[in-house]
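Indexing begins at 1, ligand by ligand and atom by atom, following the structure's order.
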Amino acid sequence: MQLLHFFIVLLAIPAALVSAAVPSSKRFDLTKPSFDLFRNKKLKDATVQQSFTFDNTNRRLFVAQRRNGASTTSGDLTITQLDFNGNIKGHMYLKGFGHGVSIAAQPVGSTTYLWTEVDANSNGYGTKLARFKFSSGTTLSKTSSSLTKFAPISGATEYTAAIDPINSRLLVRYHKSGAKHFALYDLGAATKGNFSKPLASFAHPKGLKTKSSTFQGYAPYGRYLYLLYGDSYEAAPKGELNSELVTVDMNTGKVVQGPTLTKAGSTLKFREPEGLAVYRTAAGQTRLFMGFASGNSGDRRSNLFYKNATIS
Ligand SMILES: *[C@@H]1O[C@H](CO)[C@@H](O)[C@H](O)[C@H]1NC(C)=O
Ligand SMILES: *[C@@H]1O[C@H](CO)[C@@H](O)[C@H](O)[C@H]1NC(C)=O
């Protein structure tokens, strides 16, 4: 066994070097305060939001939630387009896609393409990635010819994706061999179906001492990945506030800050942490956005907050 371990270590070294290719960048300071974008906004449907993403070029916001009346395993999603005051600008229905753990918006001229999970399994999680044009008022089934599907990792069984809109990279999170992993790609290459050269490739960090084990979202920006954990007040033990952020260096797969408690929107009713995304304002301020679902069952609302202080 010892000899076997020795060879595994030797084999692991070149792989680790190859995957450490993400240029250095600033990172957000998780200990600094959060600010409101909006609170208690209605989405197209009344279920809790699951995730959100920005088309940073066309300055659009998209929020994913399970479709009203759909079962937890159907994979039926509603995508609502909002403006930055939280007004509904459009929506789309997706049938048989997945849970909506994370979605990514890709600007192409004045059009937005979305990357989502698709082909939900019996647990309601997507088994591939799909890329398609956001087209308000339409419904797409998982078999629609307007979808381009991707299964970038050999042997992976579930996929989601998030975007680094500042550096045009796509971060793919996938399930393989009983665990979650991440792989970071150039967005242009990924769009062509070229997943041959990940900039980084690492396991979802294990042994995080988060108060809650409920994973709620992720967002890459430059060299760093941000993770969100936590439960609603209803689901948390003793109704405590347990939402936390963690920063991971994608070149090493190691935690560099956190878990750090975030009290953003602490007075919200229900307050389930749901989604992370990065956005840069027209004035050049880069923000790490955190989403929360609020309100009553049957009338859940969307809330977005952001951190903007960085550590160089
Ligand atoms: C695939 O993308 C990588 C960058 O991610 C690039 O270096 C390589 O040339 C591309 N391969 C093809 C066949 O386009
Ligand atoms: C962060 O945003 C707040 C509120 O919009 C603003 O007052 C503050 O100056 C910003 N800080 C940085 C570092 O951009």
Side-chain angles (χ1 to χ4, degrees), residues 14-41 52 54 56 59 61 82-86 104 106-108 113 115 129 131 148-154 156 159 161-174 181-202 219-226 245 247 250-251 257 260 262-268 276-292 302-312:
L17 288 176
V18 166
S19 62
V22 191
S24 276
S25 65
K26 288 183 175 176
R27 66 182 163 89
F28 292 104
D29 187 346
L30 306 181
T31 64
K32 294 295 190 296
S34 306
F35 302 93
D36 284 45
L37 185 68
F38 57 63
R39 296 188 184 218
N40 298 316
K41 298 300 181 182
F52 63 99
F54 293 97
N56 212 124
R59 304 202 182 281
L61 165 61
L82 298 175
D83 68 19
F84 293 0
N85 296 315
Q106 175 184 10
V108 179
Y113 281 79
W115 291 75
L129 291 175
R131 180 180 177 274
T148 310
K149 293 185 185 178
F150 303 97
I153 311 287
S154 156
Y159 290 97
I163 192 164
D164 172 349
I166 313 306
N167 298 289
S168 289
R169 295 179 190 138
L170 188 76
L171 184 64
V172 174
R173 184 170 182 265
Y174 60 95
H181 306 264
F182 291 97
L184 182 69
Y185 301 95
D186 173 75
L187 181 58
T191 301
K192 292 184 201 141
N194 171 4
F195 295 94
S196 63
K197 284 225 163 55
L199 288 149
S201 180
F202 53 99
Y221 169 45
R223 177 173 168 178
Y224 300 98
L225 164 65
Y226 301 88
L245 291 163
T247 309
M250 293 196 280
N251 280 333
Q257 191 176 25
T260 304
T262 173
K263 294 181 180 171
S266 64
T267 57
L268 294 174
L276 278 184
V278 166
Y279 177 75
R280 182 172 284 171
T281 66
Q285 185 192 112
T286 312
R287 297 173 169 179
L288 175 63
F289 276 91
M290 299 167 277
F292 293 87
S302 177
N303 305 264
L304 293 193
F305 303 89
Y306 61 92
K307 290 185 182 292
N308 56 10
T310 53
I311 306 169
S312 45

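- A side chain to side chain donor-acceptor pair (under 3.5 Å) with Tyr221 holds for exactly one of Lys26, Arg280, Arg169; it is Arg280.
- Looking only at heavy atoms of the protein, atom 2 (O) of ligand 2 is closest to Asn308 ND2, 2.3 Å.
- Of all atoms in ligand 1, listed by their number and element, those nearer than 4.0 Å to a heavy atom of Ala189 are 2 (O), 5 (O).
- Protein heavy atom at the shortest distance from atom 4 (C) of ligand 1 is Lys197 CB, 4.1 Å.
- Using modelled atom types and a 3.5 Å distance limit, the side chains of Arg27 and Tyr226 yield no donor-acceptor pair.
- Taking all atoms of both residues into account, the shortest heavy-atom contact from Leu170 to Ala104 is CD1-CB, 4.1 Å.
- Residues Val172 and Trp115 fail the side-chain proximity criterion, which asks for heavy atoms closer than 4.5 Å.
- Residue Ser196 has at least one heavy-atom neighbour below 4.0 Å for each of these atoms of ligand 1: 1 (C).
- Nearest protein neighbour of atom 5 (O) of ligand 2, counting heavy atoms only, is Tyr306 OH, 2.6 Å.
- At a distance under 4.0 Å, no protein heavy atom can be found next to atom 9 (O) of ligand 2.
- At least one N or O atom of Asn194, backbone or side chain, sits closer than 3.5 Å to an N or O atom of ligand 1.
- Without hydrogens or angle criteria, Asn251 side chain to Val22 main chain gives a donor-acceptor distance under 3.5 Å.
- With Phe305 as the fixed residue, the side chain to side chain contact (heavy atoms under 4.5 Å, CB included) test singles out one of Arg287, Lys263, Met290: Met290.
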